[in-house]
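Step one of this worksheet: look at the structure below.
Residue numbers start at 1 and run along the sequence shown.
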Amino acid sequence: MEKFSFLVMSLFLSTAGITASADDAVTVLKTPAEYRKSVEAAHHARKGHVGVTRVSDATVALPWVENFDDESSFDAFTIIDANDDFCTWEYSDGVAQYCCIFADGPADDWLITPGFEMIGGKKYQISFRANSFDESSPEEFSAWLGTAPEAEAMTIEVVETTVVAQDNAIDFDVTVEIPEDGVYYLGFHCTTSSEDALNFDLDDICVKEGAVAAAPGAVTGFTVVPDPEGELRATVSFTTPVVATDGSALSSLVKVDIYRDDTNLIKTFDNPEPGTLLTYVDETPVNGDNRYTVIPYNEAGEGKASYFSLFVGEDVPNAPQNIVQKVDGTDIVISWEPDPVGWNNHYVNVAKMNYDIWETADGINLVEVAKGVSATSYRVEGRAEQGEQMQNTYVVRGNTGAGNGTRGYSNTIIVGQSKGLPYQESFAGKKLSSKWFKKSDDRNDEAALVDTDFDGDGGAIALAGHKPGCTIDFFSSKVWIKNEAKLQLSFWYISPADATLSVGLSKDFEDVKVITLEPTEEWKQMLVDLSEFTDNEYAQIIFRYQAGVEPCIIDNILLTATPLGINVIDSADEAGVVQCYGVDGRRVSDNSRGIVIERRSDGTYTKRAVR
């Protein structure tokens with residue numbers, strides 16, 4: 001995944017063979033998934049965490065259901081931060097959650113329920129729901145039973161090590177036989193090691209005695225279908241069982257109960273025949289997640305429960321698709337497409353959706369641009385050339401009656417007032433005179449200000465990869481070049497033979513023209529005619545380095561509409577000399593003799609002989 005960073009005023013990073021120090025001002029632009037995780041991390045940073053082991057010896061009677069609707073219920077759980085990294089289970093908005101954001105390494109954290117009196121030789125049915133932050137955030141866990149609220153006591157496997165990677169909750173339903181009488185605890189062990197992980201959520205834990213041998217087995221063909229147009233209605237269907245839990249044939253059923261959210265009995269079918277298709281329309285589900293449980297009964301008692309969870313109603317909007325910002329003159333036009341499928345893959349009424357818009361430079365700090373926009377495009381007047389240059393991304397969120405949707409992120413461009421010609425960067429004194437931007441394969445790819453310079457001003461830029469073959473793109477500020485008759489780029493460079501250095505023009509981090517340079521172990525000047533590209537309003541200089549073992553070094557960069565090869569250019573009488581160069585492009589002192597090229601304060605150049 002590519003990453004962006006920019007250098008402000010000064011940049012000091014360590015490169016191969018170069019001594020430098022880190023610069024705290026360097027910022028990383030994130031991918032949309034990383035943006036979401038950054039926002040979530042900021043949220044968790046404000047919450048305060050249970051970063052220590054906490055043991056509870058509470059016991060509860062069976063059947064036991066915990067849906068975490070009340071935060072105080074979490075006090076009955078044991079929490080074990082086995083790796084002492086102060087990242088562990090916590091209560092969060094109606095779920096038990098392990099947050100991986102601040103973990104330094106693999107998780108080793110236990111969430112252990114209160115104890116239950118269980119009878120040896122008897123079977124118990126254990127069910128719960130689990131989900132990760134999203135599909136790109138895998139979480140690893142296992143579930144166990146043990147005779148004490150301790151990690152070492154967890155010896156009966158309930159759920160083998162499993163990876164969950166989806167935001168919609170998965171229903172787990174397991175039957176376990178207990179070896180001997182005693183108090184048992186149910187433990188959830190999070191062992192997530194992926195750096196992409198974020199949150200792991202548990203909800204709706206249910207522990208109950210399993211059905212006896214002669215009691216009905218589970219219903220078959222259990223489905224729940226929500227209303228396709230988002231109405232609060234769901235159709236529950238199933239076929240009553242024809243066998244008992246021991247596989248023997250059933251002669252009759254006493255009833256079949258349907259529960260919503262484990263404890264809310266919504267329908268009883270009395271005396272249905274075995275093998276009968278039954279249907280019930282639930283007219284009062286909540287707009288959101290609903291968990292249905294179907295339990296058959298006969299004379300022997302309660303049969304095996306079946307579970308089905310789904311979203312009912314109008315879905316929360318998913319992130320808008322194809323969010324694109326484009327420059328139109330000095331304005332920026334943002335456009336997007338609504339996703340007709342919501343966050344939970346269900347119906348969204350696109351016709352009634354409105355949108356909120358923000359801009360951001362880092363994915364965390366959002367500046368409001370507009371709210372309640374009914375169209376699928378928006379013009380931000382004057383923004384393209386307004387203020388200082390910065391990387392800018394637009395964030396768009398759809399809203400419906402079901403709630404605020406997921407934020408989506410546009411492409412990244414540079415906004416702010418363009419620099420004028422001539423544009424020069426010599427890295428004098430190991431400082432930047434304007435903003436430069438870095439895009440690389442890895443955060444460890446580096447751009448460093450060094451004192452191994454060409455022009456004697458004490459500064460140059462070095463590009464180095466964290467390993468040979470990786471690519472670093474180094475972009476200048478944007479420069480206004482519209483309708484210039486000539487455009488020439490001049491610079492000096494060193495590039496090793498086992499690497500490839502290219503140079504050219506880019507616009508909003510997209511290539512306009514890039515050419516490959518010859519390697520050189522000594523300082524070499526390069527002049528590039530870019531006059532054919534001045535139909536663009538603005539552009540950036542781009543250096544692209546496919547790294548070798550050693551870094552490349554670049555110095556004395558000049559983008560001008562007045563090439564240095566001319567003999568004389570008229571200049572205003574009051575314009576003073578800013579810098580002087582020899583005919584080889586090397587900076588010289590004001591009293592240098594011979595042919596001297598003078599850059600004057602009005603942006604022009606004069607070539608003259610000094611005796």
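- At least one side-chain heavy atom of Tyr493 sits less than 4.5 Å from a side-chain heavy atom of Leu501.
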Walk me through it: do Glu425 and Ser433 pass the test side-chain hydrogen bond (donor to acceptor under 3.5 Å, both in side chains)?
CA-CA 6 Å; Glu425 182 61 81; Ser433 60; 2.9 Å; yes

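- The 12-atom threshold is not exceeded at CD of Glu381, counting heavy atoms of other residues, nucleotides or ligands nearer than 6.0 Å.
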Check the pair Phe474, Tyr545 against side chain to side chain contact (heavy atoms under 4.5 Å, CB included), reporting the backbone distance first and the verdict last.
CA-CA 8 Å; Phe474 192 56; Tyr545 186 55; over 6 Å; no

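- Within the 4.5 Å cutoff, the side chain of Leu559 has no heavy atoms near those of the Gln488 side chain.
- Looking at every heavy atom in both residues, Cys87 comes nearest to Asp81 through O-OD1, 3.6 Å.
- There is a side-chain donor-acceptor pair under 3.5 Å between Ser490 and Gln525.
- Residues Leu366 and Arg407 have side chains in contact (heavy-atom distance under 4.5 Å, counting atoms from C-beta outward).
- At distances below 3.5 Å, not a single donor-acceptor pair connects side-chain atoms of Gln166 with backbone N or O atoms of Ser132.
- For the pair Asn392/Gln325, a side-chain contact is recorded, criterion being any heavy-atom separation below 4.5 Å from C-beta on.
- Without hydrogens or angle criteria, Thr360 side chain to Asn365 main chain gives a donor-acceptor distance under 3.5 Å.
- Using modelled atom types and a 3.5 Å distance limit, the side chains of Trp480 and Glu385 yield no donor-acceptor pair.
- Ser477 approaches Lys435 most closely through the heavy-atom pair OG-O, 2.6 Å.
- Counting only N and O atoms by type, the side chains of Asp201 and Gln97 include a donor and acceptor under 3.5 Å apart.
- In this structure, Arg397 is not positioned above the aromatic face of Trp358 in the sense of NZ or CZ being under 6.0 Å from the six-membered ring centre and within 45° of the axis.
- Although no hydrogens or angles enter the test, the distance criterion places a donor-acceptor pair under 3.5 Å between the side chain of Ser531 and the main chain of Leu487.
- Of the possible polar contacts, none joining the Asp328 side chain to the Asp331 backbone as a donor-acceptor pair under 3.5 Å is found.
- The line from CD of Glu510 to CG of Leu505 is 14.0 Å long, rounded to the nearest 0.5 Å.
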Derivation of the side chain to side chain contact (heavy atoms under 4.5 Å, CB included) call for Asp356 and Val396:
CA-CA 6 Å; Asp356 299 333; Val396 183; over 6 Å; no

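- Counting only distance, with no hydrogens or angles, the side chain of Gln546 and the backbone of Ser502 share no donor-acceptor pair below 3.5 Å.
- Rounded to the nearest 0.5 angstrom, Thr534 OG1 and Ile481 CD1 are separated by 6.5 Å.
- Ring planes of Phe454 and Trp492: parallel class, angle under 30° (limits at 30 and 60°).
- With respect to Phe475, the ring pair (Phe, Tyr, Trp, His ring centres under 6.0 Å) criterion is satisfied by exactly one of Trp436, Phe509, Phe543, Phe437: Phe509.
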Check the pair Thr393, Thr412 against side-chain hydrogen bond (donor to acceptor under 3.5 Å, both in side chains), reporting the backbone distance first and the verdict last.
CA-CA 5 Å; Thr393 298; Thr412 298; 2.9 Å; yes

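- Here the CE-CD1 distance, from Met390 to Ile413, works out to 10.5 Å after rounding to the nearest 0.5 Å.
- With a 6.0 Å radius and a threshold of 12 heavy atoms from other residues, nucleotides or ligands, Glu518 has its CD atom at or below the threshold.
- With rounding to the nearest 0.5 Å, the separation of CG in Asp108 from SG in Cys190 is 9.5 Å.
- Side-chain contact check for Val450 versus Ile461: every heavy-atom pair is 4.5 Å or farther apart.
- The OG atom of Ser506 sits 14.0 Å away from atom NZ of Lys513, with the distance rounded to the nearest 0.5 Å.
- Side-chain polar atoms of Glu139 and Thr192 form a donor-acceptor pair below 3.5 angstrom.
- Between Trp336 and Tyr394, a ring centre-to-centre spacing not shorter than 6.0 Å is recorded.
- Side-chain atoms of Thr88 and Asp109 form a donor-acceptor pair, as typed in the model, at a separation below 3.5 Å.
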For the pair Ile494 and Glu521, evaluate side chain to side chain contact (heavy atoms under 4.5 Å, CB included) and give the outcome as yes or no after the intermediate values.
CA-CA 6 Å; Ile494 295 173; Glu521 295 182 359; 5.5 Å; no

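- Counting only heavy atoms from C-beta outward, the side chains of Ile414 and Tyr538 never approach each other to under 4.5 Å.
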Take Ser426 and Asp457 through the side-chain hydrogen bond (donor to acceptor under 3.5 Å, both in side chains) test and state the conclusion after the steps.
CA-CA 8 Å; Ser426 65; Asp457 64 4; 2.9 Å; yes

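- Looking at Lys478, Lys482, Lys507 one by one, the single match for side chain to side chain donor-acceptor pair (under 3.5 Å) with Glu537 turns out to be Lys507.
- The one candidate from Thr471, Thr500, Asp473 that meets the side chain to side chain donor-acceptor pair (under 3.5 Å) condition with Arg544 is Asp473.
- Across all their heavy atoms, Met526 and Val528 have their closest contact at CG-CG2, 3.8 Å.
- For the residue pair Gln540 / Ser476, no side-chain donor-acceptor distance below 3.5 Å is found, with atom types taken as modelled.
- The two residues Ala447 and Leu463 have their closest heavy-atom pair at CB-CD2, 3.7 Å.
- With Asp498 contributing its side chain and Val549 its backbone, the two residues share a donor-acceptor pair below 3.5 Å.
- The two residues Asp339 and Val350 have their closest heavy-atom pair at O-CG2, 4.3 Å.
- Here the closest non-hydrogen pair linking Pro338 and Tyr355 is CB-OH, 3.2 Å.
- Exactly one residue among Thr560, Ile541, Leu489 makes a side-chain contact (heavy atoms from CB on, under 4.5 Å) with Tyr423. That residue is Ile541.
- Using a cutoff of 4.0 Å between basic side-chain nitrogens and carboxylate oxygens, Asp508 and Lys326 are not scored as salt-bridged.
- Counting heavy atoms from C-beta on, the side chains of Val503 and Ile515 come closer than 4.5 Å.
- Looking at Asp555 and Trp523, their side chains come closer than 4.5 Å, going by heavy atoms from C-beta outward.
- By the neighbour-count criterion of 12 heavy atoms within 6.0 Å, atom NZ of Lys371 is densely surrounded, having more than that number from other residues, nucleotides or ligands.
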Under the side chain to side chain contact (heavy atoms under 4.5 Å, CB included) rule, what do Val324 and Ile334 come out as? Steps first, then yes or no, please.
CA-CA 6 Å; Val324 177; Ile334 315 157; over 6 Å; no

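- Sparse packing is recorded around CD of Glu388, with 12 or fewer heavy atoms of other residues, nucleotides or ligands lying under 6.0 Å away.
- Note that CD of Glu484 and CG of Asn536 are 13.0 Å apart. Values are rounded to the nearest 0.5 Å.
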